[in-house]
Amino acid sequence: MAETEHHPSNFIRQIIDKDLAAGVHDSIKTRFPPEPNGFLHIGHAKSICLNFGIARDYQGSCNLRFDDTNPAKEDIEYVNSIKEDVHWLGFDWNGEACYSSDYFERLHGYALELIDKGLAYVDFSSQETMRELRGTLTEPGKNSPYRDTDAATNRAEFEKMTAGEYAEGQCSLRAKIDMTSPFMCMRDPVIYRVKFAHHHQTGDKWCVYPMYDFTHCISDAIEGITHSLCTLEFQDNRRLYDWVIENISIECTPKQYEFSRLNLEYTVLSKRRLIQLVEENHVNGWDDPRMPTIAGLRRRGYTPASVREFCKRIGVTKMDNMVEMGMLEACIRDDLNVNAPRAMAVLEPVKLVIENYPAGESEQLKAPNHPNDESMGNRTIPFSGEVWIEAEDFREEANKKFKRLVLGKEVRLRNAYVVKAERVEKDAEGNITTIFCTYDAETLGKDPADGRKVKGVIHWVDAKAADKAEFRLYDRLFNVPNPAAEENFVDAINPESLVVKSGFVEPGLSENPAAGGWQFERTGYFCLDKDSSDSVKVFNQTVGLRDSWAKIAD
RNA sequence: UGGGGUAUAGCCAAGUUGGUAAGGCAGCGGGUUUUGAUCCCGCCAUCCGUAGGUUCGAGUCCUGCUACCCCAGCCA
């Protein structure tokens, strides 16, 4: 069961296998618990694939639970985007979406239970005092003067807190554990604080909100979660997680397991930094194609399957990691290579005129939609005596390594004829404006009859029939592999992360194909962007083709 | 001697009772090719942070050391 045909095993699946074998559980239940305070990113995709993937492979279930205990930072806009992104990734949660706020009433009851057991107290110490009494990493803390308040008084004070009789910061409810614990989170952690904030789910019903550590474990238990999976920074918190479950009256005892969060080179994956990129307009919103958000990847042209494949390839361990961007790119290339129909587009056009082509004539050429998959069929593309070709595909002179069009030499126009460059026309600045060629009318769909070898093949689009297009080419958002380690990460932003080109595409490219986009032969994978208009189509480059020529070139 | 974690190739990562280092990405070499793409073939850790120890035999067990990550929010 650990290793299905879809997913390699990992240490968490091995734990589940043992639990199932030992009869600890009959079925498995997981949850994906985002706080709705930002958009989901590729790091969340790792957690989503882990939690939903386990639920699927073990015939269990996975809840979507919004961990909404801090109304000051959260917004309904985020809960909606999170639902959309989880669905887009191809997963569906068990029943209705859950919210930690669904349990506020019960959470409040458990807090009362702890108070009655003498395991929680209302502390009127200031935050500064609390910090001083907490001690340091190497020195134990000291008890608060409110620590020994009797249960009845604590209950009354907590009721007053709940009734709004105390101001924010005036007091808090603390679990009474151990001020000398080597685990800082066990030194009488705050479990409830006063906050007069409007909540996106509960409105103005509450003015006290439970803290994460108190809420998460109980929410897991209420939902019957068997394996609560989170990232490494919560390892110490597991002691508090278990303490709360042990000290309240609840049957279910979920277990927390931690795995390492994803780090991706040349980008940032922390909510705080992503929010800053958006708010300071370093990017054009959460779905900017350069963003590592699910929305950004989607707009960039990544497919759900490619993101899932990426999550499968990187695995799940407890090791700190920094995954190369090339790993993600390989996943989308593998997907699009087999699924994306081919088309032709010229990003930086220069005019090519075929002087011996019948004046005023044109024809419809047949081109396969995929060179290795006949089932994808053919399309017709218009051809005439005037076409656009890529400026970089022509040189007046070049060495034999340059297998493209050179003055006096021949090259194959992809899906069309062999042409020979005869002369060029330049403007006042010396820029080539037109390349004049002759073509061999006998080379359509076959090699030259006399056995001449034509090695080069270049792409083109018919000048009269082509559609005007804007191409947005993206590069890494940052110039350094680990921008988060910089003094100020925004200083490491790559100023050339977006390059816009104006050119042409073959006619007929309107809707994105099912796979997500096209491969513009010899240039890369592209998808149609929502910024397209009737007069200009806008394409985002999802990823370029592997380019071994670039290495040889220089 | 605060505590909690992690150390296997450039990157990710298998390796579960000790038996002689999977796979993927990247890279390199070759073949096919009307995409310098794809595809195909081959190569790429005498070695598992380090120093010792146990053993016929250790990435796996023991001891010491080192490096890196996390914890002192009324954030999650």
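FYI, side chains are in, hydrogens and waters are out, and symmetry mates aren't considered; it's all heavy atoms of this structure. Lettering of chains follows the sequences in order, A, B, ..., and the numbering in each one begins at 1.
- The partner of rC47(B), taking Watson-Crick or G-U wobble pairs whose two distances both stay under 3.5 Å, does not exist in any strand shown.
- Take E486(A) and apply the salt bridge (charged side-chain N to carboxylate O under 4.0 Å, His left out) test, not counting sequence neighbours, and it matches no residue.
- Partner Q201(A) forms a side chain to side chain contact (heavy atoms under 4.5 Å, CB included) with one of S101(A), S100(A), P71(A) and no other, that one being S101(A).
- Side-chain N/O atoms of S9(A) include none lying less than 4.0 angstrom from OP1 or OP2 on rA14(B).
- Counting non-hydrogen atoms under 4.0 angstrom, L137(A) reaches a base of the nucleic acid.
- Applying the 3.5 Å distance criterion, the base of rU38(B) shares no donor-acceptor pair with the side chain of R546(A).
- Distances shown here put a side-chain N or O of T317(A) below 4.0 Å from the OP1 or OP2 atom of rA13(B).
- For rA14(B), neither phosphate oxygen OP1 nor OP2 lies less than 4.0 angstrom from any side-chain nitrogen or oxygen of R313(A).
- A donor N or O paired with an acceptor N or O is found under 3.5 Å between the base of rG10(B) and the side-chain atoms of E324(A).
- Across rG19(B) and rG31(B), the matching C1' atoms stand 40 Å from one another, rounded to whole Å.
- What you find for E390(A) and E348(A) is that their closest heavy atoms are OE2-N, 2.5 Å.
- One N or O donor and one acceptor, one from the side chain of R404(A) and one from the base of rG36(B), sit under 3.5 Å apart.
- The side chain of D236(A) approaches rC71(B) more closely than any other nucleotide in the set rG15(B), rC71(B), rG24(B).
- Using a 4.0 Å heavy-atom criterion, one finds that D67(A) contacts the sugar-phosphate atoms exclusively.
- For the residue pair N37(A)/E74(A), the side-chain donor-acceptor check at 3.5 Å is not satisfied.
- In rG4(B) the base sits anti relative to the sugar, since the glycosidic angle is further than 90° from 0.
- At the heavy-atom level, Q519(A) lies under 4.0 Å from base atoms of the strands shown.
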